[in-house]
Protein chains: 2
Amino acid sequence: MVSTLRDVALAAGVSPATASRALSHPELVAPARRAAVEQAAHALGYRPNRAARELSSGRTGHLCLVVPDVANPFFASLVKGVQARARELGYGVFVADADDDPRLEAELVAQLGAQADGTILASPRMSDDAVAHLSADRPFVLVNRRHEAHASVVVDNTDGMRQAVRHLHALGHRRIGYVGGPAGSWSDARRRDGLEVAAHGLHRLDVVDLGHFPSSRGGGTAAADVVVASGVTAVLAHNDLVALALMDRLRSRGVRIPEEISVVGHDDTVAVLGSPRLTTIAVPLARLGRAAVDRLLDDEPGPDTPLPVELVVRASTAPAPAGGTADAYDDELELEGHRA
Amino acid sequence: MVSTLRDVALAAGVSPATASRALSHPELVAPARRAAVEQAAHALGYRPNRAARELSSGRTGHLCLVVPDVANPFFASLVKGVQARARELGYGVFVADADDDPRLEAELVAQLGAQADGTILASPRMSDDAVAHLSADRPFVLVNRRHEAHASVVVDNTDGMRQAVRHLHALGHRRIGYVGGPAGSWSDARRRDGLEVAAHGLHRLDVVDLGHFPSSRGGGTAAADVVVASGVTAVLAHNDLVALALMDRLRSRGVRIPEEISVVGHDDTVAVLGSPRLTTIAVPLARLGRAAVDRLLDDEPGPDTPLPVELVVRASTAPAPAGGTADAYDDELELEGHRA
DNA sequence: TTGTAAGCGTTATCAA
DNA sequence: TTGATAACGCTTACAA
């Protein structure tokens, strides 16, 4: 049979209260008794009943993590980090997949969040307004998105763009396209900021905004044709999945990568599966997940500096084609280009 | 404030016991009172306290899912299916990532499993012996692995091999290599069975066992050289990740795919990211996850037939090279080949 | 420093 | 069909 705290107390010759304290607040109990209790607990294979503990203390020992799609490698890695850190701290993690439906996300936050000591939400697509109305009574942390109403952990999206643009510029690219993520995405907006900053600092550089695209393979396929039409010699994609599909479509239109067009992905989730291997902006997803847990459980909010990202150069970026199209196109066909 | 059953009972003018029954076992309560309770509950925004319910009833309303690595797309998709079905049935899901450590898996099953109404375990690498010692007191289901001591849900690994071999044979391949998964893998053993069956049914066919390899990219890279040395014109890989790395290495050794060697993956997790797109044996992972939940919660075990898999033909398989090496090698260099 | 005892919110047993 | 009432196992004032 499963033994209770009573059994432990009985075996150790103390009251249930002392047994409880010995296990939960050891510093309040005399060393001798504490040892006796610990030994009895161990001998009986005692495991505290979390339901009873919760009912009495109000704390569940659970964390709740809501993501749009666990099968998306970005979120899967995030789950891994959250899970690892939570385990270290003795928490179990409810993982809720919202199946890419922002309304379901809100519902899950309300439902499962009520059964946990805190909730972590990764939701690039929920509206700011909807985010504002999420439960603020319990600890709550937003991942890779800021919002005035909540705590958050983010990565340095802006700096990632800066690194990538500098890399491409050094390779001689002078006309670089940006395949944006869905409109309204917080990180997409930050990346556009980074693009602007980067473009201003470099010589003779056009950054061309190719528009907003779905952050799926379909987005990359659609973007490819826009890329070709824009005359850029390099592209930054919103994520690796998009970049891979983009390369696929480019190739099938006869464009050689990286000889004719260089491609940069984002996140480093599936970049290594591409052919050629994708140069990408690596995001420390597991660290981000761990940081989310710490932030959730931290009493003092802290400064919340963005986590650093790192450009990983692989085979999909190369020097700009000689006599590249950059100058040829310089004064035509400029879709909202930023100019240095 | 959050309202309790007492509040509902008070508002509805009934006793807490009746309120409880009205909500949990409606058929035991007179329609009039039931309606009153339901209305009061709704009006007060009543949410049952799961801890209290658990303490009293013994049921947690939680399920536990332990996987070796959530960042692996195979398991991520499985999580998605489990999660979806569990939600439909009103359960929350603890997801535990064992970080590819079978010992940790066992610990997680014991720890988190004790806080749930049932546990689902996907563990290709745990030893049969270790599996035998896992908690049998609560409902427990094994995923894609059979074991006499436990219930399980599996896919038809054997038939998948049959489909793939038939496909390759029809394309004229007469010497086909098998890049196996880790030794001890249950599904790998089933696939070898399928290979044998398939080979026996087809004319002039050699299936060459290339050995056991890690189910990671490294495994695929290592396998590539063995593939080249074996003189096969087609390869079946243990999963898509392995197949993709295999193609990478083959290509860098100057082998053209599919012109010189055809490649077949398994699972259809990342097959579409490859270039060329990978022909693969699609496994219904989400369905498998859903089935695991149903099996876990089913009172009557049922027959447990394997879920069907489906060969998806893409660009990585093509007719065998003319004057292919198959016949040339027919009587030499036969590594444990099965012969029809 | 320790023990007594009162809950925590729900379910389930028993009478009525 | 309904209502008291006693658990469920633990934590935490409060008292000693």
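This is a predicted model, so every value here is computed, not measured. Any value given below was found using the heavy atoms of this structure, including those in side chains, with hydrogens, waters and symmetry copies removed. Just so we're on the same page: letters track the sequence lines, and every chain starts at 1.
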CA sep, side-chain torsions, deciding dist, call: A:Ser215, A:Asn239, side chain to side chain donor-acceptor pair (under 3.5 Å): CA-CA 7 Å; A:Ser215 55; A:Asn239 67 29; 4.5 Å; no

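- Within the 4.0 Å cut-off from OP1 or OP2 of C:dT2, not a single side-chain nitrogen or oxygen of A:Arg34 is found.
- Remark: A:Arg290 engages A:Glu88 in a salt bridge, criterion side-chain N to carboxylate O under 4.0 Å.
- The CG-P distance, from B:Leu10 to D:dG3, rounds to 12 Å in whole Å.
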Sequence-aligned protein contact record of nucleotides 7-16 of chain C, with B where the base is within under 4.0 Å of a protein heavy atom and S where only the sugar-phosphate is: BBBBBBB---

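- In the model, B:Arg87 has a side-chain atom that pairs as donor or acceptor with a side-chain atom of A:Gln111 under 3.5 Å.
- Between A:Asp117 and A:Arg59 there is no salt bridge, since no side-chain nitrogen of the basic residue lies less than 4.0 Å from a carboxylate oxygen of the acidic one.
- Checked against salt bridge (Lys or Arg N to Asp or Glu O under 4.0 Å), A:Asp156 has no partners two or more places apart in sequence or in another chain.
- In this structure, A:Glu54 places its CD atom 17 Å from C1' of D:dT12, rounding to the nearest Å.
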